[in-house]
S.K.: 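Take a look at the following structure, please.
Computed over heavy atoms, backbone and side chain alike; hydrogens, waters and symmetry mates excluded. Count residues from 1 along the sequence.
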Amino acid sequence: MKVKSFISLEEAIGILNNRVNNLEKEKVLLLDGLNRIIAQDIYSKIDNPPFDKSAMDGYAIIAGDSERLKVVGKIYAGEVYKGDVTKGTAVKVMTGAAIPKGADAVIKQENVIIEGDYIILKNKIVKGENICEKGEDISKGALLIKEGKKLDYADIGILASSGIGEIWVYKKPELAFISTGDEVIDINNKLEEGKIYNSNKYSILSRVKELGYNVKDINHINDDYNKIAKYIEKLSKEVDLIITTGGVSVGEKDIIKEAIDLAKGEKLFWKVNIKPGSAVLCSKVNKAIVISLSGNPTAALTTFELLVKVTLEKLSGAKEIKIKKEKAILLQDINKKGSKRRFLRGRFEIIDGKQYVNITQIKSGNGILSSALNSNCIIEIEADNGVKFKGDLVNIIKL
């Protein structure tokens, strides 16, 4: 079957959405769930707080009681008063302590005068004053977290407050990385004439690590499609996603397509109408999605953000592959009119509550790795859009 070629970014995303599924679920300890996508709705097992408690240091009393009360006890947070508060009595309570039976209000300690074993109330208080009622924050059975949310520190804290120690999350994808090319050498080798250092390996693997994923296998293979095919076929039975760099254009040594055929893989699409990064091949081999990026650094990093990152998110439990875009105000003109949609490196910042973006990509070209320096977003310029002026709104994709 003829592979789809020169498709729009939206069509590429649609194909991936149809072919990439969430991984299986697994039960993990609560702290291990941080930055994982929850695989179930979770409801509170208890009321929170689980009892009426004092909101401050003071005295537990009966609202409307006399102004002079005898102090009959003292309790700290974590303790329970064994007796009852009755008319004419008070119990000293510390912040977080359980309200004694019989009491229905707490007066601040600064609002009383102490006379031996008695306190004199400086002011009247009403029922319920300075008390955090049972279930005031979260009631038993309330929905805490909906399935599909990526858990952050606040989610972990809320779950802990309900006594939940284990949760079901989606498994994290296992990855492999293969760089290709006779001209590419690793950084521990001497740079010879005609050779280049393998920057793609380090930039992409660092980005993968920055996003919270681990890579199971890392390798470099020279321009031998037989070796590449055998290695991809082996890895495709062990991992969920394989990232390759190099060998996806139209030159004599652009051999990834041949390698995928030899590995009996299915090519999903080849080339996307964007710049940089149009030379990308997406395939399925056994259980693995294979996304083959350009050997050019800027092109590889751009397509990584547009296709690889979002694929990783869906494998990890996201409902759909979707590129998240926001609006920002340009801080300088852009004259990048062309037949392809362009993506430029930029740096956004918030000024007086508004989001602005600067272009950090001064030099153009697929191989200009320095364009990534100091960037924290990608600026989208639609095809044939002409000049964008300072003050115009543009779409940005945050990194």
S.K.: Provide the closest heavy-atom pair for Y43 versus G141 in the form atom of the first, atom of the second, distance.
M.R.: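 Closest approach of Y43 to G141: CD2-O, 3.3 Å.
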S.K.: Consider only side-chain heavy atoms of I, L, V, M, F, W and Y, link residues closer than 4.5 Å, and tell whether L151 and L23 are in one cluster.
M.R.: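 Shared cluster, no.
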S.K.: Taking only distance into account, with no hydrogens and no angle test, what donor-acceptor pairs under 3.5 Å do side-chain atoms of residues 240-248 form with protein atoms, sequence neighbours excluded?
M.R.:
residue : atom : partner : partner atom : Å
D240    : OD2  : E174    : N            : 2.8
T244    : OG1  : S292    : OG           : 2.8

S.K.: Near E79 CD, under 6.0 Å, is it more than 12 heavy atoms from other residues, nucleotides or ligands?
M.R.: yes
S.K.: Taking 4.0 angstrom as the limit, do E326 and K398 come out as a salt bridge?
M.R.: yes
S.K.: Give me the atom names and distance for the closest heavy-atom approach of I62 to G102.
M.R.: CG1-O, 3.4 Å
S.K.: For K227, look at atom NZ and say whether over 12 heavy atoms of other residues, nucleotides or ligands are found less than 6.0 Å away.
M.R.: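 No.
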S.K.: For residues I260 and E266, report the shortest heavy-atom separation together with the two atoms involved.
M.R.: CG2-N, 4.4 Å
S.K.: Using a 4.5 Å cut-off on heavy atoms from C-beta on, say whether the side chain of N219 contacts that of L235.
M.R.: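 Side-chain contact under 4.5 Å: no.
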S.K.: Can you confirm whether more than 12 heavy atoms, excluding those of I351, are under 6.0 Å from its CD1 atom?
M.R.: yes
S.K.: Can a salt bridge be assigned to the pair E10 and R341 using a cut-off of 4.0 Å between side-chain N and carboxylate O?
M.R.: yes
S.K.: Enumerate the side-chain hydrogen bond (donor to acceptor under 3.5 Å, both in side chains) contacts for residues 137-166, please, sequence neighbours excluded, ordered by first and then second residue.
M.R.: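 Sorted pair list: S44-S162, N48-S161, E147-Y170, E147-K319, K149-D155.
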S.K.: Side-chain donor-acceptor pair under 3.5 Å between Q40 and K27, yes or no?
M.R.: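 K27 and Q40 do not have a side-chain donor-acceptor pair below 3.5 Å.
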S.K.: Run N273 and S8 through side chain to side chain donor-acceptor pair (under 3.5 Å) and show every step you take.
M.R.: CA-CA 5 Å; N273 285 320; S8 69; over 6 Å; no
S.K.: According to a hydrophobic-cluster definition based on side-chain heavy atoms being under 4.5 Å apart (Ile, Leu, Val, Met, Phe, Trp, Tyr only), do W168 and L30 belong together?
M.R.: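 In one cluster with W168: L30, no.
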S.K.: Quick one, E305 with R345, criterion salt bridge (charged side-chain N to carboxylate O under 4.0 Å, His left out). Give me CA distance, side-chain angles, the key distance, then yes/no.
M.R.: CA-CA 11 Å; E305 296 298 330; R345 288 278 172 160; 5.0 Å; no
S.K.: Are K257 and W270 in a cation-pi setup, meaning NZ or CZ lies under 6.0 angstrom from the ring centre and within 45 degrees of the ring axis?
M.R.: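 Checked: cation-pi criterion met.
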S.K.: Under a 3.5 Å cutoff, is there a donor and acceptor pairing between the side chains of D186 and Y202?
M.R.: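 Indeed, the side chains of D186 and Y202 share at least one donor-acceptor pair under 3.5 Å.
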S.K.: Establish, for the pair K275 and F343, whether the NZ or CZ atom is under 6.0 angstrom from the six-membered ring centre and no further than 45 degrees off its axis.
M.R.: no
S.K.: Does atom NZ of K340 have more than 12 heavy-atom neighbours, drawn from other residues, nucleotides or ligands, at distances under 6.0 Å?
M.R.: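 More than 12 within 6.0 Å, yes.
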S.K.: Can you give the donor-acceptor pairs under 3.5 Å from side chains of residues 208-217 to other protein atoms, not counting sequence neighbours?
M.R.:
residue : atom : partner : partner atom : Å
E210    : OE1  : R207    : NH1          : 2.8
D217    : OD1  : Y231    : OH           : 2.7
D217    : OD2  : Y231    : OH           : 3.1

S.K.: Hey, which of I228, T180, D182 is the one that makes side chain to side chain contact (heavy atoms under 4.5 Å, CB included) with N222?
M.R.: D182
S.K.: With the threshold set at 4.0 Å, does a side-chain nitrogen-carboxylate oxygen contact exist between K195 and E183?
M.R.: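 Not counted as a salt bridge, because no side-chain N and carboxylate O are separated by less than 4.0 Å.
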S.K.: Test of understanding: with side chain to side chain donor-acceptor pair (under 3.5 Å), list the residues that count as partners of D333, not counting sequence neighbours.
M.R.: none
S.K.: Is the number of heavy atoms from other residues, nucleotides or ligands under 6.0 Å of F51 CZ greater than 12?
M.R.: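 Yes, because the 6.0 Å sphere around CZ of F51 holds more than 12 heavy atoms from other groups.
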S.K.: side-chain hydrogen bond (donor to acceptor under 3.5 Å, both in side chains): which pairs involve residues 54-63, sequence neighbours left out?
M.R.: D57-T95
S.K.: Is the number of heavy atoms from other residues, nucleotides or ligands under 6.0 Å of K284 NZ greater than 12?
M.R.: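 It does: K284 NZ has more than 12 such atoms within range.
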S.K.: Check whether more than 12 heavy atoms from other residues, nucleotides or ligands sit under 6.0 Å from atom CG of N188, and answer yes or no.
M.R.: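 It does: N188 CG has more than 12 such atoms within range.
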S.K.: Report, one line per pair, each donor and acceptor closer than 3.5 Å where one atom sits in a side chain of residues 105-129; sequence neighbours left out.
M.R.:
residue : atom : partner : partner atom : Å
K122    : NZ   : E110    : O            : 3.2
E129    : OE1  : V126    : N            : 3.0

